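The block underneath contains the structure these notes are about, expressed in structure tokens.
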Amino acid sequence: MKKTLTIILLGLTVLFSGSVAAQKHQSQLIPLDKSFDPTEDSHITRYHDSVRLLYNLYFNDVVAQALNDLGNEAPQGTLANILTAALFQYGDALSHNLDGHPLDLAMLNFGGIREPITAGPITIGKLFSVLPFDNNTIVVIEIKGSELRKMFFNNLRKLENVQPIQNAQIVYTNGAVESVTVGGKPIEDNRTYRMATINFIENGGDKILENVETKNLITETEPFRKRIIDFFSNEEKLRGTKDNRVTIK
């Protein structure tokens, strides 16, 4: 099979080499932006129109409905709460599939959530605007309680450094962390926790895990945004709420 395929490819190479030798070709870059005049070249026009049609079909596809405005405001945003809930769900499934252990908490960064969502239809294009980073993927890490404490009480100590969390509760007093619980219980220094986050944070982004020792268990290959699109599609209708995950005294 390999030999036959090689012969066919060699034949095609010779054929096209002969064609190229017999003809002179010229090329130029044609930007498909506002300067493009569709009346000048019908071939480019058809290509331009087909690309725009595919773009509109995909990016204008409605995947869910927002029942209220979904904000991204710190220290707790309704959109961030939904996104961390989705992250926790996927991370928990990954952890269970690995060895049956449940996930303990999930964390994102406010900087990675670029736009709020207004009440009404949510399109794929909108989710691309909310989460524009293609290379962000879900990771599941192990982190000892003492290191988790370091993350909260050192790196996230100030209220201005608060980040979106799921299944954890932080109390800030006078702008600094007073207490943290995970799953409603105080952090145990000798216990090993499992946290879902994104590779940007694992790799040192926003200094959330700076000087904090972790162990990577799972790195997803699908973009985080793809998982969010799936989550929104499955939910169909989303209502953003706030709870006691962040308390300010």
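Since the model is a prediction, treat every value here as computed from it, not as a measurement. Reckoned from all heavy atoms, side chains included, excluding hydrogens, waters and symmetry mates. Sequence positions, counted from 1, serve as the residue numbers for this chain.
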Could you state the interatomic distance from [atom1] ([X]) to [atom2] ([Y]), rounded to the nearest 0.5 Å?
{"X": "I122", "Y": "L127", "atom1": "CD1", "atom2": "CG", "answer": "6.5 Å"}
{"X": "E142", "Y": "L217", "atom1": "CD", "atom2": "CG", "answer": "4.5 Å"}
{"X": "E147", "Y": "T214", "atom1": "CD", "atom2": "OG1", "answer": "9.0 Å"}
{"X": "N135", "Y": "R225", "atom1": "CG", "atom2": "CZ", "answer": "9.5 Å"}
{"X": "L83", "Y": "I117", "atom1": "CG", "atom2": "CD1", "answer": "7.0 Å"}
{"X": "L105", "Y": "T181", "atom1": "CG", "atom2": "OG1", "answer": "10.5 Å"}

Which residue in the set T219, L209, V212, I201 passes side-chain contact (heavy atoms from CB on, under 4.5 Å) when paired with I141?
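Exactly one option meets the side-chain contact (heavy atoms from CB on, under 4.5 Å) with I141, and it is L209.
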If you group Ile, Leu, Val, Met, Phe, Trp and Tyr by side-chain heavy-atom gaps below 4.5 Å, do [X] and [Y] land in one group?
{"X": "V162", "Y": "I248", "value": "yes"}
{"X": "I143", "Y": "L98", "value": "yes"}
{"X": "V62", "Y": "L131", "value": "no"}

Would you check, one step at a time, whether the test side-chain contact (heavy atoms from CB on, under 4.5 Å) holds for T123 with D61?
CA-CA 5 Å; T123 65; D61 187 23; over 6 Å; no
State, with a plain yes or no, whether a side-chain heavy atom of [X] is found less than 4.5 Å away from one of [Y].
{"X": "L87", "Y": "I138", "result": "yes"}
{"X": "L159", "Y": "P75", "result": "yes"}
{"X": "N155", "Y": "I208", "result": "no"}
{"X": "E115", "Y": "K126", "result": "yes"}
{"X": "T84", "Y": "I165", "result": "no"}
{"X": "L103", "Y": "V140", "result": "yes"}
{"X": "Q166", "Y": "M107", "result": "no"}
{"X": "D134", "Y": "P223", "result": "no"}

Please check this pair: side chain of [X] against backbone of [Y], looking for a donor-acceptor N/O pair closer than 3.5 Å.
{"X": "R239", "Y": "N68", "answer": "no"}
{"X": "S95", "Y": "H101", "answer": "yes"}
{"X": "D104", "Y": "M195", "answer": "no"}
{"X": "T118", "Y": "D69", "answer": "no"}
{"X": "Y172", "Y": "V246", "answer": "no"}
{"X": "N72", "Y": "I113", "answer": "yes"}

Given side chain to side chain donor-acceptor pair (under 3.5 Å), test Q163 with D206 step by step and report yes or no.
CA-CA 10 Å; Q163 302 295 346; D206 288 342; 4.6 Å; no
Apply the test side-chain contact (heavy atoms from CB on, under 4.5 Å) to residues F231 and E235: give CA-CA distance (whole Å), side-chain angles for both, the deciding distance (0.1 Å), then the verdict.
CA-CA 6 Å; F231 179 85; E235 292 294 319; 3.8 Å; yes
Taking atom types as modelled and ignoring hydrogens, do the side chains of N244 and Q169 form a donor-acceptor contact shorter than 3.5 angstrom?
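No donor-acceptor contact under 3.5 Å links the two side chains.
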Will you find, in the side chains of Q76 and N81, an N or O donor that is under 3.5 Å from an N or O acceptor?
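The criterion, which ignores hydrogens and geometry beyond distance, is satisfied for N81 and Q76.
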Between [Y] and [X], is there a salt bridge with N-O shorter than 4.0 Å?
{"X": "K144", "Y": "D189", "result": "no"}
{"X": "K242", "Y": "E73", "result": "yes"}
{"X": "R194", "Y": "D92", "result": "no"}
{"X": "K150", "Y": "E213", "result": "no"}
{"X": "E178", "Y": "K249", "result": "yes"}

If you compare all heavy atoms of P116 against all heavy atoms of G71, which two are closest, and at what distance to 0.1 Å?
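Looks like CB-CA, 4.2 Å.
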Of all heavy-atom pairs between F153 and S179, which one has the smallest distance, and what is that distance?
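In terms of heavy atoms, the two residues are closest at CZ-CA, 4.2 Å.
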Do other residues, nucleotides or ligands put more than 12 heavy atoms under 6.0 Å from the CG atom of D243?
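Atom CG in D243 is packed in, count exceeds 12.
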Look at atom CD of E210 and say whether more than 12 heavy atoms of other residues, nucleotides or ligands are closer to it than 6.0 Å.
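Yes, enclosed.
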Restricting to ring-ring contact (aromatic ring centres under 6.0 Å, His included), what partner residues turn up for F128, sequence neighbours left out?
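ring-ring contact (aromatic ring centres under 6.0 Å, His included) list for F128, sorted by chain: F59.
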Would I82 and L70 count as a side-chain contact (heavy atoms from CB on, under 4.5 Å) if you check the C-alpha gap in whole Å, the side-chain angles of each, and the deciding distance to 0.1 Å?
CA-CA 9 Å; I82 290 173; L70 305 178; 3.8 Å; yes
Show your working on side-chain contact (heavy atoms from CB on, under 4.5 Å) between Q65 and L238 and close with a plain yes or no.
CA-CA 6 Å; Q65 295 283 331; L238 295 137; over 6 Å; no
Check whether Y193 forms a cation-pi arrangement with R191 (NZ or CZ under 6.0 Å from the six-membered ring centre, at most 45° off the ring normal).
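Yes, cation above the ring, under 6.0 Å and within 45°.
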